[in-house]
Amino acid sequence: MDKIKGKDLRKLGFEKQVEKPTLDPEDNGYHYYTYEINKHCLLISSSSDEKDADGGYYVEFYEIEKIRFTKLEDLKKLIKLLKKASNE
């Protein structure tokens with residue numbers, strides 16, 4: 001199964017959130033992705049500085065840690081089910 005890449009997240013409808021660097025010279029800033037299913041459900045990716053060695057992101061529910069999706073096919077299925085449940 002494929003790892004989740006930034007281009008995959010954008011293709012699925014995630015929005016890129018950019019955190020600009022601070023005045024600290026070692027701070028390069030970072031970004032992450034969010035996907036709002038409805039006003040009660042938000043998915044959030046790991047940040048660009050937390051990607052694994054292969055450059056893959058993981059995605060979690062915003063307020064529910066420990067339920068983590070790391071495979072692209074699983075994430076696609078999750079979004080399809082959440083959209084269906086939300087009547088989108």
Side-chain angles (χ1 to χ4, degrees):
M1 291 192 147
D2 292 333
K3 294 201 174 268
I4 302 168
K5 304 287 186 178
K7 66 180 180 179
D8 300 319
L9 294 171
R10 290 187 301 275
K11 189 173 180 180
L12 288 170
F14 280 73
E15 292 184 26
K16 187 175 185 177
Q17 309 296 325
V18 177
E19 297 294 327
K20 296 182 180 178
T22 62
L23 296 176
D24 181 345
E26 293 186 23
D27 183 3
N28 296 321
Y30 62 92
H31 63 270
Y32 57 94
Y33 297 89
T34 59
Y35 187 95
E36 187 173 328
I37 301 296
N38 58 38
K39 65 181 181 178
H40 303 291
C41 183
L42 178 71
L43 298 175
I44 187 167
S45 76
S46 52
S47 64
S48 57
D49 59 349
E50 295 177 317
K51 292 187 289 187
D52 64 22
D54 294 329
Y57 288 88
Y58 61 82
V59 173
E60 298 175 326
F61 290 93
Y62 179 67
E63 297 210 5
I64 307 171
E65 295 179 23
K66 310 287 188 217
I67 298 176
R68 185 173 287 183
F69 298 87
T70 58
K71 306 288 187 217
L72 180 58
E73 289 305 313
D74 293 342
L75 181 60
K76 286 179 180 178
K77 290 175 187 176
L78 173 68
I79 289 174
K80 185 176 181 179
L81 286 170
L82 290 172
K83 282 182 172 183
K84 187 174 182 178
S86 297
N87 296 318
E88 280 191 19

Legend entry - Side chain proximity check, Phe14 to Ile4, heavy atoms < 4.5 angstrom: no
Inset, instruction - Could you check if a side-chain atom of Leu78 sits within less than 4.5 angstrom of a side-chain atom of Phe61, using non-hydrogen atoms only? - result: yes
Legend entry - Separation of Glu36 CD from Leu43 CG (nearest 0.5 Å): 10.0 Å
Legend entry - Distance (rounded to the nearest 0.5 Å) between Lys77 NZ and Lys71 NZ: 12.5 Å
Legend entry - Nearest non-hydrogen partners of Ile44 and Tyr62, listed with the distance: CG2-CA, 3.9 Å
Inset, instruction - Nearest 0.5 Å please: distance from the CG atom of Leu82 over to the NZ atom of Lys80. - result: 12.5 Å
Inset, instruction - Could you check Val59 against Leu9 for side chain to side chain contact (heavy atoms under 4.5 Å, CB included), going step by step and ending with a plain yes or no? - result: CA-CA 9 Å; Val59 173; Leu9 294 171; 3.9 Å; yes
Legend entry - Which atom of Lys3 lies closest to which atom of Asp8, heavy atoms considered: O-OD2, 3.6 Å
Inset, instruction - Find out whether Tyr35 and Leu42 are in side-chain contact, i.e. whether some heavy atom of one side chain is under 4.5 Å from a heavy atom of the other. - result: no
Legend entry - Enclosure of Glu19 CD (heavy-atom neighbours >12, cutoff 6.0 Å): yes
Inset, instruction - Locate the shortest heavy-atom distance separating Glu60 from Lys66; write the atom from each residue and the value. - result: OE2-N, 3.9 Å
Legend entry - Under 3.5 Å donor-acceptor, Ser46 side chain and Tyr58 backbone: yes
Legend entry - With sequence neighbours excluded, residues passing ring-ring contact (aromatic ring centres under 6.0 Å, His included) with Tyr33: His31, Tyr57
Inset, instruction - Quick one: closest heavy-atom pair of Ser47 and Tyr32, and the distance? - result: CA-CB, 3.9 Å
Inset, instruction - Rounded to the nearest 0.5 Å, what's the gap from OG on Ser86 to CD1 on Ile37? Could you check? - result: 6.0 Å
